[in-house]
Amino acid sequence: MSWDTVYRIVKRIPRGRVTTYGEVARALRLPGGARAVGYAMAATPRGRGIPWHRVVGAGGRIRVPERYAALQRKLLQTEGVPTDGIAIDLKRYGWSPATKRPAKRKTRQKR
DNA sequence: CATCTGACGACCG
DNA sequence: GCGGTCGCCAGAT
């Protein structure tokens with residue numbers, strides 16, 4: 001596996017939603033590999049359509065350096081994700097990469 | 001091959 | 001709730 005796998009998942013994050021490093025790592029069957037995911041995100045090339053800003057730390061807390069945190073919060077707010085508080089409400093804006101099953105969405109998700 | 005590092009996570013005090 | 005430690009994985013040296 002490589003970071004390409006991480007990018008693939010990150011790119012699937014719907015607009016207006018966020019996920020955590022841990023979730024991505026779990027989706028890759030790498031529990032505990034959240035760190036590697038974060039490292040991958042740090043090396044994420046800009047301009048490739050990779051919504052890196054939709055990946056946050058556990059609990060929806062921002063885990064990026066200030067210089068990027070400001071931009072990330074702004075981008076998220078632009079997408080409709082309130083980041084004013086200490087953390088993002090994952091219960092509402094969280095998105096599980098492993099649960100991405102829009103196949104038969106009989107029960108539509110609330111937002 | 002041995003070590004260190006890092007946009008992490010779970011635990012513990 | 002906050003800060004420190006340990007364990008985790010992939011890459012770079």
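Only this structure's heavy atoms are used, side chains among them; waters, hydrogens and symmetry mates stay out. Chain A is the first sequence line, chain B the second, and so forth, proteins listed ahead of strands; every chain is numbered from 1.
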- Message: Could you tell me how far apart A/Met41 (CE) and B/dA7 (C1') are, to the nearest whole angstrom?
- Response: 8 Å
- Message: From CG of A/Leu30 over to P of B/dG9, roughly how many Å is that when rounded to an integer?
- Response: 14 Å
- Whole angstrom value for the distance that separates P of B/dC8 from CH2 of A/Trp3: 13 Å
Tabulate atom names and distances for all N/O pairs under 3.5 angstrom spanning the protein and nucleotides 10-13 of chain B.
none

Return the polar atom pairs (N/O with N/O) between nucleotides 4-8 of chain C and the protein under 3.5 Å, or none.
residue	atom	partner	partner atom	Å
C/dG7	O6	A/Arg35	NH1	3.0
C/dC8	O2	A/Gly32	O	3.2
C/dC8	N3	A/Arg35	NH1	3.1
C/dC8	N4	A/Arg35	NH1	3.1

- CG of A/Leu90 to CD of A/Glu23: how many Å apart, nearest 0.5 Å? 8.5 Å
- Gap between atoms CZ and C1', on A/Arg29 and C/dA10 respectively (whole Å): 18 Å
Check: residues 33-52 of chain A side-chain donor-acceptor pairs under 3.5 Å, at least two apart:
residue	atom	partner	partner atom	Å
A/Thr44	OG1	A/Ala40	O	3.1
A/Thr44	OG1	A/Met41	O	2.9

- Task: Check the distance between C/dC2's C1' and A/Arg63's CZ and give it to me in whole angstrom.
- Result: 12 Å
- Message: Applying a 4.0 Å non-hydrogen cut-off, can you work out what A/Tyr39 is touching in the nucleic acid: base, sugar-phosphate, or nothing?
- Response: base
- Least distance between heavy atoms, A/Pro97 atom then A/Thr19 atom: CD-OG1, 3.4 Å
- For the residue pair A/Pro82 and A/Ile88, what are the closest heavy atoms and their distance? O-CG1, 4.2 Å
- Atom CZ of A/Arg61 and atom C1' of C/dG1 are separated, to the nearest Å, by 11 Å
- Item | Atom pair distance, as rounded to whole Å: OH in A/Tyr21 and C1' in B/dG9 | 12 Å
- Message: According to side chain to side chain donor-acceptor pair (under 3.5 Å), does anything in residues 54-63 of chain A pair up with another residue at least two apart or in another chain? List the pairs.
- Response: A/Arg54-A/Glu79
- Between A/His53 and A/Leu71, is a side chain to side chain contact (heavy atoms under 4.5 Å, CB included) present by the stated rule, with each step listed? CA-CA 8 Å; A/His53 56 279; A/Leu71 175 61; over 6 Å; no
- Query: Tell me, which of residues 79-91 of chain A have any heavy atom that sits under 4.0 Å from an atom in DNA chain C?
  - Reply: none
- Note on the structure: dist A/Thr83:OG1 -> A/Ile62:CD1 (nearest 0.5 Å) comes out at 6.0 Å
- Which atom names give the shortest non-hydrogen contact between A/Ile9 and A/Ala27, and what distance separates them? CD1-CB, 3.7 Å
- Message: Working note: A/Gln77 + A/Asp84, criterion side chain to side chain contact (heavy atoms under 4.5 Å, CB included); need CA distance, chi angles, decisive distance, verdict.
- Response: CA-CA 9 Å; A/Gln77 288 184 45; A/Asp84 305 340; 3.6 Å; yes
- Query: Roughly, in whole Å, what's the span from CG in A/Leu75 to P in B/dA7?
  - Reply: 19 Å
- By side chain to side chain contact (heavy atoms under 4.5 Å, CB included), A/Pro14 pairs with (sequence neighbours left out) A/Arg17, A/Trp95
- Message: In the structure I gave you, are the side-chain heavy atoms of A/Ile13 and A/Val55 within less than 4.5 Å of one another anywhere?
- Response: yes
